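For reference, the structure discussed in these notes is given below.
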Amino acid sequence: FLPPSEMSAGGAILAKDISGNPIPASQILAQPVGTRALVAGLAGEPTYLTVQQDGTLDIMGIVDNCTHLGCTFPWNEIDREFQCPCHGSRYSADGSVVRGPAPLPLKLVRVAVQDNAIWLSPWTELDPRTGETPWWV
Ligand code: FES
């Protein structure tokens, strides 16, 4: 882990709730495995954080902004997909496109927890889903 001060220098911010208050990691990790918790992320973008089997948060945060025309969308726990209500795009759990018209995978942000604080920073390395430079960089 990098100390928060260094991460802040790299553009990291604290994940916040709808009222603008930082959300402690323990609050999200108290929810069931597989929960996709929506937080206010970088530049206020709504971002899904995933509670993993091992009781940690996935380092990949998924931005709730459809790559078709920008609608927000829910997680469907039964189908285990993000499903956009606007034109029917579907994305797998990691944000890869399952069905268009969405042309691109969902944007990622990097998630790090330190001292119960959730830090979000821009995802600038290769996109692990495609092995390529991310489209948003
Ligand atoms: Fe999501 Fe069109 S905006 S499918």
Side-chain angles (χ1 to χ4, degrees):
F1 284 113
L2 296 171
S5 56
E6 289 183 33
M7 292 188 61
S8 299
I13 59 132
L14 288 167
K16 300 196 177 71
D17 64 19
I18 198 165
S19 306
N21 299 312
I23 303 177
S26 55
Q27 182 177 323
I28 293 177
L29 292 171
Q31 298 178 59
V33 168
T35 293
R36 268 69 181 175
L38 204 49
V39 302
L42 295 168
E45 284 181 317
T47 301
Y48 283 106
L49 307 183
T50 303
V51 179
Q52 303 188 112
Q53 288 281 352
D54 65 0
T56 63
L57 289 179
D58 194 327
I59 62 164
M60 294 196 310
I62 293 184
V63 176
D64 181 11
N65 188 328
C66 183
T67 60
H68 180 221
L69 291 174
C71 286
T72 58
F73 47 79
W75 167 252
N76 183 313
E77 179 61 32
I78 293 170
D79 293 338
R80 302 198 57 73
E81 290 177 340
F82 295 104
Q83 299 179 343
C84 184
C86 290
H87 314 97
S89 290
R90 295 180 174 217
Y91 302 89
S92 64
D94 71 1
S96 300
V97 176
V98 174
R99 190 174 90 187
L104 295 164
L106 295 168
K107 181 178 173 181
L108 301 178
V109 300
R110 178 163 285 276
V111 180
V113 174
Q114 185 169 31
D115 297 333
N116 205 27
I118 305 170
W119 291 94
L120 305 178
S121 55
W123 190 289
T124 55
E125 52 269 61
L126 293 181
D127 185 333
R129 302 163 302 185
T130 63
E132 296 174 1
T133 301
W135 59 262
W136 57 87
V137 170

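When a ligand or atom number is given, it counts from 1 through the structure's own listing order. Keep in mind that what you see is a predicted model, and the values were worked out from it rather than measured.
- Checked by atom type and distance alone, the side chain of Thr67 pairs as donor or acceptor with a backbone atom of Leu104 at under 3.5 Å.
- Residues Glu81 and Arg99 are not paired through a salt bridge, judged by the lack of any N-O separation under 4.0 Å between the basic side chain and the carboxylate.
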Before giving the answer on side chain to side chain contact (heavy atoms under 4.5 Å, CB included), spell out for Glu45 and Lys107 the whole-Å C-alpha distance, their side-chain angles and the decisive distance to 0.1 Å.
-> CA-CA 11 Å; Glu45 284 181 317; Lys107 181 178 173 181; 3.4 Å; yes

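- Protein atoms of type N, O or S found under 2.8 Å from atom 2 (Fe) of ligand 1 total 2.
- Under the 30°/60° scheme for interplanar angles, the aromatic rings of Phe82 and Tyr48 are found to be tilted.
- In this model, Cys66 has its SG atom no nearer than 2.5 Å to the SG atom of Cys84.
- Exactly one of Pro134, Pro128, Pro122 qualifies for a side-chain contact (heavy atoms from CB on, under 4.5 Å) with Leu108. That residue is Pro128.
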